[in-house]
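All ligand and atom numbering here is 1-based and tracks the order in the structure.
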Amino acid sequence: MKEGFKCGVVAIAGRPNVGKSTFLNKVTGSKLAIVTPKPQTTRDRILGIFSGDDGQILFHDTPGIHESSKPMNRRMVARAISALADADVVLMMTDATRPEQAIREDATVIARVRESGKPAVLAINKIDRIDKPLLLPLMSEYMKHGNFAAVIPISARKGGGVNDVVKELLRMLPAGEPLFPEDELSDRPLRFLAAEIIREKVTLLTHQEVPYSTAVTIESWTDGSARKATRIEATIHVERDSQKAIVIGQGGSLLQRIGTQARVEIEELAGSRVMLSLNVVTEDNWTESDKNLDRLLGE
Ligand SMILES: Nc1nc2c(ncn2[C@@H]2O[C@H](COP(=O)(O)OP(=O)(O)OP(=O)(O)O)[C@@H](O)[C@H]2O)c(=O)[nH]1
Ligand SMILES: [Mg+2]
């Protein structure tokens, strides 16, 4: 083993919409997690592997931690909390765009991180959108309220500060051999990423409750080749017929846009042409039944 090589698990935790998935994608240089301007986009833990000269970091992107009585949201938050328990170090992330409210809104997350008993680093994200003079007071406020080994301002979107976070995490992680080959980026199969990309397009192209009522499953997948397209059949599940009508759109127009945008991205990932067929089905109130959540959100 190379002397001083580090390897460990880092859970990325924070409120919904602070930029956790954007960070995961930036640090791995690949789109592993979907990103949208709407909160509660990520529903499951997603592994992203950073491999550098000095160490390997297994980042776990997690759903945003928030208060909710809805069964689906409670499952999502439980997944985030369990990722904290499995981590060596926690990377808590917050959003600098509303500095006066930030620390109050982060009270639950800070409490959860503290309860995990794990060493933690705080990244204050979206500094590309904040007046610089507001940053120092915000940093010292977090230093006071949380027990952070470091507080680092970053822009996950533009990349500023991301290397500083990696350096600090490597310092804190245990020595160890890399657990994955250097060129591996995630443990998620292409099928999962494809379903997520379709869900991202639905989320981006619809409004109100539709994104929160949507799940995507892959029904069939036939690998293509240099000459033959990969054939994918996927189902978009919604909760009500009115939502089904929205997702399909006038004469199928919205479904077609969803399909085209998703196909272009899946083709990049698959490295072949893709024929994507989408079907929309209503599953009455699926986000409220345990059985349906097991099936559509994963156990
Ligand atoms: N200006 C700016 N926007 C950012 C930055 N990082 C993320 N965003 C935006 O913030 C929104 C939320 O980003 P996500 O990465 O999906 O946030 P998340 O924390 O994973 O959200 P959930 O999965 O819902 O918990 C998206 O519109 C991103 O483009 C940043 O550094 N600067
Ligand atoms: Mg996310």
Side-chain angles (χ1 to χ4, degrees), residues 10-48 59-68 70 72-84 90-99 102 105-106 108-110 112-113 121-132 134-135 138 151-166 186 188 192-193 195-197 199-207 209-216 265 287 297-298:
V10 171
I12 311 170
R15 276 180 279 133
N17 212 40
V18 296
K20 300 177 295 296
S21 299
T22 305
F23 177 88
L24 184 86
N25 292 342
K26 186 56 110 183
V27 81
T28 56
S30 180
K31 181 165 166 180
L32 300 176
I34 61 171
V35 166
T36 83
K38 293 170 187 142
Q40 294 148 39
T41 296
T42 304
R43 292 184 181 163
D44 209 346
R45 191 194 295 201
I46 296 171
L47 172 70
F59 283 103
H60 286 164
D61 184 18
T62 67
I65 294 173
H66 62 285
E67 308 278 353
S68 174
K70 294 186 184 155
M72 178 163 85
N73 299 56
R74 294 175 77 93
R75 275 192 192 215
M76 286 160 52
V77 174
R79 288 172 173 185
I81 306 300
S82 81
L84 296 182
V90 175
L91 172 60
M92 178 176 152
M93 189 160 295
T94 189
D95 171 337
T97 52
R98 288 180 304 154
E105 292 181 346
D106 274 334
T108 308
V109 181
I110 292 174
R112 295 302 200 173
V113 172
V121 170
L122 179 77
I124 302 184
N125 190 29
K126 308 195 190 180
I127 55 160
D128 53 290
R129 284 189 47 201
I130 181 185
D131 286 336
K132 291 291 167 292
L134 294 175
L135 196 54
L138 190 61
V151 173
I152 305 172
I154 69 166
S155 169
R157 186 186 276 176
K158 299 196 166 167
V162 170
N163 286 338
D164 299 326
V165 171
V166 166
S186 182
R188 292 290 189 170
F192 172 83
L193 297 177
E196 285 287 271
I197 286 168
R199 191 165 65 82
E200 179 187 72
K201 302 314 172 200
V202 175
T203 303
L204 290 172
L205 293 170
T206 62
H207 305 286
E209 87 287 2
V210 180
Y212 307 102
S213 300
T214 296
V216 176
E265 270 190 41
T287 62
L297 198 68

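Only backbone heavy atoms of Gln40 (N, CA, C or O) come within less than 4.0 Å of ligand 1; its side chain stays farther off. Residue-level proximity to ligand 1 for Ser155 is carried by backbone and side chain together, each with a heavy atom below 4.0 angstrom. Neither the backbone nor the side chain of Ile154 comes within 4.0 Å of ligand 1, counting heavy atoms alone. With a heavy-atom cut-off of 4.0 Å, Thr22 touches ligand 1 through backbone and side chain alike.
The side-chain heavy atoms of Val151 and Ile124, taken from C-beta on, include a pair separated by under 4.5 Å.
A donor-acceptor pair under 3.5 Å links the side-chain atoms of Ser68 to the main chain of Lys70, judged by distance alone. Remark: the backbone N or O of Arg43 is paired with a side-chain donor or acceptor of Arg79 at under 3.5 angstrom. Using modelled atom types, one side-chain atom of Asn125 and one backbone atom of Val18 make a donor-acceptor pair closer than 3.5 Å. Using a distance-only test at 3.5 Å, with no hydrogens or angles considered, a donor-acceptor pair links the side chain of Lys38 to the main chain of Thr203. Under a 3.5 Å cut-off, the side chain of Thr62 and the backbone N or O of Ile12 do form a donor-acceptor pair.
Protein N/O/S atoms found under 2.8 Å from the Mg ion (ligand 2), listed by chain and residue number: Ser21 OG, Thr42 OG1.
Counting only heavy atoms of the protein, atom 29 (O) of ligand 1 lies nearest to Arg157 NH2, 3.0 Å. Scanning all protein heavy atoms for the shortest distance to atom 32 (N) of ligand 1 gives Asp128 OD1, 2.8 Å. Of all protein heavy atoms, the one closest to atom 27 (O) of ligand 1 is Pro37 CA, 3.4 Å. Counting protein heavy atoms only, atom 8 (N) of ligand 1 is closest to Lys126 CE, 3.7 Å. Protein heavy atom in closest approach to atom 26 (C) of ligand 1: Thr36 O, 3.5 Å. The closest protein non-hydrogen atom to atom 6 (N) of ligand 1 is Asn125 ND2, 3.2 Å. Looking only at heavy atoms of the protein, atom 17 (O) of ligand 1 is closest to Gly19 N, 3.1 Å. Nearest protein heavy-atom contact of atom 25 (O) of ligand 1 is Lys20 NZ, 2.8 Å.
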Would Ser82 and Arg45 count as a side-chain contact (heavy atoms from CB on, under 4.5 Å) if you check the C-alpha gap in whole Å, the side-chain angles of each, and the deciding distance to 0.1 Å?
CA-CA 9 Å; Ser82 81; Arg45 191 194 295 201; 3.1 Å; yes
Could you go through Ser21 and Thr42, starting from their C-alpha distance and side-chain angles, then the distance that decides it, and tell me whether this counts as side-chain hydrogen bond (donor to acceptor under 3.5 Å, both in side chains)?
CA-CA 8 Å; Ser21 299; Thr42 304; 2.8 Å; yes
Verdict with supporting geometry, Thr94 and Arg15, side-chain hydrogen bond (donor to acceptor under 3.5 Å, both in side chains):
CA-CA 7 Å; Thr94 189; Arg15 276 180 279 133; 3.1 Å; yes
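Thr287 contributes atom OG1, which lies 11.0 Å from atom CZ of Arg75 (distance to the nearest 0.5 angstrom). Note: Thr36 OG1 to Lys201 NZ = 10.5 Å, rounded to the nearest 0.5 Å.
Shortest non-hydrogen contact noted between Tyr212 and Met72 is O-CE, 3.1 Å.
Residue Val18 places at least one N or O, backbone or side chain, under 3.5 Å from an N or O of ligand 1. Residue contacts with ligand 1: Val35 is placed with no nitrogen or oxygen under 3.5 Å of a nitrogen or oxygen of the ligand (distance criterion only).
Near Pro39, meaning under 4.0 Å from any of its heavy atoms, are these atoms of ligand 1: 24 (O). Atoms of ligand 1 lying under 4.0 Å from at least one heavy atom of Arg129, given by number and element, are 1 (N). Short contacts between ligand 1 and Gly64, defined as distances under 4.0 Å to a heavy atom of the residue, involve ligand atoms 25 (O).
Considering only residues two or more places apart in sequence or on other chains, Arg98 meets the salt bridge (charged side-chain N to carboxylate O under 4.0 Å, His left out) condition with Glu105. Residues forming a salt bridge (charged side-chain N to carboxylate O under 4.0 Å, His left out) with Glu196 (at least two apart in sequence, or on another chain): Arg199. Under the salt bridge (charged side-chain N to carboxylate O under 4.0 Å, His left out) criterion, Asp95 pairs with Lys126, sequence neighbours left out.
Among Thr203, Ile46, Thr62, Asn17, the residue whose heavy atom lies closest to atom 22 (P) of ligand 1 is Asn17.
Within the 4.0 Å heavy-atom cutoff, Ala156 counts among the residues contacting ligand 1.
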